[in-house]
Visitor: 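Got a structure for you, questions after.
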Amino acid sequence: MLNLKFIQDNPDLVVEKLKRKNFDASEIVSTIINLNAQKNKLQAEADQAKAEMNKISKEIGMLFREGKAEEANAAKARTSEIKENIKNFDTDFSAIEEKVNDLLVQLPNLPHDSVPFGKAEEDNEILKTVGEIPTLHENAVPHWELAAKYNLIDFELGVKITGAGFPVYRGKGAQLQRALINFFLAEGTLAGYEEIQPPLLVNEASGFGTGQLPDKEGQMYHATEDNLYLIPTAEVPVTNIYRDVILDAKNLPYKNTAYSACFRREAGSYGKDVRGLNRLHQFDKVEIVQVAHPEKSYAILDEMVAHVEGLIKKLGLPYRLLRLCGGDVSFASALTFDFEVYSTAQEKWLEVSSVSNFESFQANRLKLRFREEGVKKPQLAHTLNGSALALPRIVAALLENNQTPEGIKIPEVLIPFTGFDMIN
RNA sequence: GGAGAGAUGGCAGAGUGGUCGAAUGCGGCGGUCUUGAAAACCGUUGUACCGCGAGGUACCGGGGGUUCGAAUCCCUCUCUCUCCGCCA
């Protein structure tokens, strides 16, 4: 959520910047400014009426105590009109406030100046492509065939137990999952992130805090009886650790990492791109989250990108780094870098990580603030997060790229975590 | 699932209709003392909104009501805790 005061002070800037996200904000912004002016006027009037009311009430109290009941009752008579006015002011005020809030949550975050103009995926800026794309042997196959051949992942069994998009990992397939999770968490801990094991279901307030609610409800599984949502990413519970808090500036940045299963309804996504592990309703991911000082957040974004890059490098996967264009950057993000690894058997790039700076957009909803030494007024912190990493497509790429006629080779760094060096 | 208790400032915890944005203690910050520290003592210490400012308004879990006046009374919702049952 953008800051109301900021919009008030910089309406043209907001409209201009949002063009980069292909969002025409002119109408919303001007409506907000209009309504806000009315709102302020109403508040001034209401406050004045309330001040008068408070004064009279105090006087009445004093008169009663002095035993001047007659004067007190006379004073009472004066209050009814003021009371009526206050009621009207408050009703109007709430109505306007609600409208302003409805409009405010419709505005996406302002994109960073480095975000390229563009409509969709294909307009993303490729910053670098790293690593050799391996030459596979003649009989190389995509990961879903490898998964079946070595009995690593059973998609049909998942369909039986739950439904499509809920694979069953087994044997070395399951062990590989566990190894990757442990490897990613260990690397996070080494990089100074505190490990968190968060709840997998969250309440409405948390969903709102990170921006999934109210608009993206359909993307989350909803346990309606208890009104709880299954998390689409650990970002939600972890970032909400910092909801409604005022932090000490000297303790910034806060760094957390968390493994969680992630649940996504992703309604309406079918077709050839969703085969195997490419797109699932339940998957595993290790997330990194930071709460940062506004002046440091972009340096921290770079640091997080470097961390993710290190993970992919250690796994020996060919990858590329993208800067998302305005059309592809998410609603809440100011700047997002994506990592894609190359799936040699499928001959395509698969997104495995998204690292974003949300600046104060989430913080504003979360009421996540910090206080600078000696400064009385708290200010909004910046939040950042990134996948480090999402497992399914990493697994897909590992299986495909490392396949040999003898079996699938496990990357060196993972062997201590898997306990085996080959799947055969 | 059954029964009961409760929700007040960073924390603990008073406050049952007016002088309560709220005692007191702890914590935090500043100071005195000290070579330094501790102790002791003194002072200070919520957030948001409106206003150029003086200042004003709101907030004692959320919403509604009674009243000139509500942390305090009434209704309602949510959440938390305790005991019993069930269970990893």
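In what follows, chains carry the letters A, B, and so on, assigned in the order in which the sequence lines appear, proteins first and then strands, with residues in each chain numbered from 1.
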Visitor: Given 3.5 Å as the limit, does a donor-acceptor pair link the side chain of A/Glu287 with the main chain of A/Ala258, or not?
Guide: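 The answer is no, because no donor-acceptor pair under 3.5 Å joins these two groups.
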Visitor: Nearest to the side chain of A/Thr79, heavy atoms from C-beta on, is which of B/C68, B/G65, B/U47?
Guide: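 The listed nucleotide nearest to A/Thr79's side chain is B/C68.
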Visitor: Take atom P in B/U45 and the same atom in B/A23, then report the distance between them in whole Å.
Guide: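 My reading of the P atoms in B/U45 and B/A23 gives 11 Å.
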Visitor: Nearest whole angstrom, please: distance from the C1' of B/G18 to the CZ of A/Phe64.
Guide: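 In whole Å, B/G18 C1' lies 11 Å from A/Phe64 CZ.
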Visitor: When the nearest nucleotide of RNA chain B is assigned to A/Ser57 and to A/Ala75 on a heavy-atom basis, which residue is associated with the more 5' position?
Guide: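 First, find each residue's nearest nucleotide; the 5'-ward one identifies A/Ser57.
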Visitor: Side-chain N or O of A/Arg371 versus OP1/OP2 of B/G28: is the shortest distance under 4.0 Å?
Guide: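 Result: no.
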Visitor: Please give, in whole Å, the distance from B/C11 C1' to A/Ile246 CD1?
Guide: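 Spelled out: CD1 on A/Ile246 to C1' on B/C11 is 15 Å.
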Visitor: Taking NZ from A/Lys39 and P from B/C49, how many angstroms apart are they, rounded to a whole number?
Guide: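 Computing the A/Lys39:NZ to B/C49:P distance gives 9 Å.
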Visitor: A/Lys76 NZ to B/U66 P: how many Å, rounded?
Guide: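 After rounding, the gap between these two atoms is 15 Å.
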Visitor: Side chains of A/Thr31 and A/Asn34: is there a donor and an acceptor less than 3.5 Å apart?
Guide: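 No, because no side-chain N or O of A/Thr31 sits under 3.5 Å from a partner of the opposite role on A/Asn34.
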Visitor: In whole Å, what separates the P atom of B/A22 from that of B/U57?
Guide: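 Straight-line distance between the two P atoms is 13 Å.
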Visitor: List the residues meeting salt bridge (Lys or Arg N to Asp or Glu O under 4.0 Å) with A/Lys19, not counting sequence neighbours, and say none if there are none.
Guide: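 Applying salt bridge (Lys or Arg N to Asp or Glu O under 4.0 Å) to A/Lys19 gives A/Glu16.
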Visitor: B/C68 P sits how many Å from A/Met62 CE, rounded?
Guide: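 So the CE-P distance, A/Met62 to B/C68, works out to 19 Å.
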Visitor: How far, in whole Å, is B/C42 from B/G55 if one measures between their P atoms?
Guide: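 Those two atoms are separated by 28 Å.
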Visitor: Tabulated below should be each protein N or O lying under 3.5 Å from an N or O of nucleotides 55-59 of chain B; please produce it.
Guide:
| from | atom 1 | to | atom 2 | distance (Å) |
| --- | --- | --- | --- | --- |
| B/G56 | N2 | A/Asp47 | OD2 | 3.0 |
| B/U57 | OP1 | A/Asn54 | ND2 | 3.2 |
| B/U57 | O2' | A/Asp47 | OD1 | 3.0 |

Visitor: Using Watson-Crick or G-U wobble geometry with both distances below 3.5 Å, tell me the partner of B/C79, or none.
Guide: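 Partner of B/C79: B/G6.
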Visitor: To the nearest Å, how far apart are A/Lys377 NZ and B/C50 C1'?
Guide: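 That distance rounds to 12 Å.
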Visitor: Nearest-Å distance, CG (A/Asn73) to P (B/G69)?
Guide: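 Distance, rounded to whole Å: 13 Å.
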Visitor: What's A/Met53 touching, base or sugar-phosphate or nothing? Going by heavy atoms closer than 4.0 Å.
Guide: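 Sugar-phosphate contact only.
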Visitor: Would you check if the side chain of A/Asp284 reaches a backbone N or O of A/Leu391 as a donor-acceptor pair within less than 3.5 Å?
Guide: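 No; judged by distance alone, with no hydrogens or angles, the pair does not exist.
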Visitor: Does the side chain of A/Glu194 pick up a donor-acceptor pair with the side chain of A/Tyr254 at under 3.5 Å?
Guide: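 A/Glu194 vs A/Tyr254: no donor-acceptor pair found between side chains.
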Visitor: Could you measure between the two C1' atoms, the one in B/G27 and the one in B/G46, and give it in whole Å?
Guide: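 Per the computed distance, 15 Å lies between those C1' atoms.
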Visitor: Do the numbers put A/Lys172 on top of the ring of A/Phe420, so that NZ or CZ is under 6.0 Å from the six-membered ring centre and no more than 45° off the axis?
Guide: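 Yes.
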Visitor: What interatomic distance, in whole Å, is found between P of B/G9 and the corresponding atom of B/C59?
Guide: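 Nearest-Å result for B/C59 against B/G9 at atom P: 15 Å.
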Visitor: Could you state the atom-to-atom distance from NZ of A/Lys376 to P of B/G30 in whole Å?
Guide: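 A/Lys376 atom NZ is separated from B/G30 atom P by 15 Å.
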Visitor: Flag the pair A/Lys50 and A/Asp90 as a salt bridge only when some basic side-chain nitrogen lies within less than 4.0 angstrom of an acidic carboxylate oxygen.
Guide: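 Answer for the salt bridge query: yes.
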Visitor: Could you tell me whether A/Ile56 contacts a base, only the sugar-phosphate backbone, or nothing, with contacts defined as non-hydrogen atoms closer than 4.0 Å?
Guide: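 Result for A/Ile56 = nothing.
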Visitor: B/G69, OP1 or OP2 - any side-chain N/O from A/Lys83 closer than 4.0 Å?
Guide: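 True: A/Lys83 side-chain N/O within range (under 4.0 Å) of B/G69 OP1/OP2.
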Visitor: Could you check whether A/Glu359 and A/Asn109, counting side-chain N and O atoms only, form a donor-acceptor pair closer than 3.5 Å?
Guide: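 No, no side-chain donor-acceptor contact under 3.5 Å.
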Visitor: For atom P, what is the distance between B/C77 and B/G69, given to the nearest Å?
Guide: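 Here B/C77 and B/G69 have their P atoms 26 Å from each other.
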Visitor: Need to verify one output field. Residue with the more 5' nearest nucleotide on RNA chain B, A/Lys250 or A/Gly61?
Guide: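 Its nucleotide being nearer the 5' end, the pick is A/Gly61.
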Visitor: Using the P atom in both, what is the distance from B/U44 to B/C26, to the nearest Å?
Guide: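 Per the computed distance, 16 Å lies between those P atoms.
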Visitor: When rounded to the nearest Å, what value does the distance between C1' atoms of B/G30 and B/C60 take?
Guide: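 Taking atom C1' in both B/G30 and B/C60, they lie 29 Å apart.
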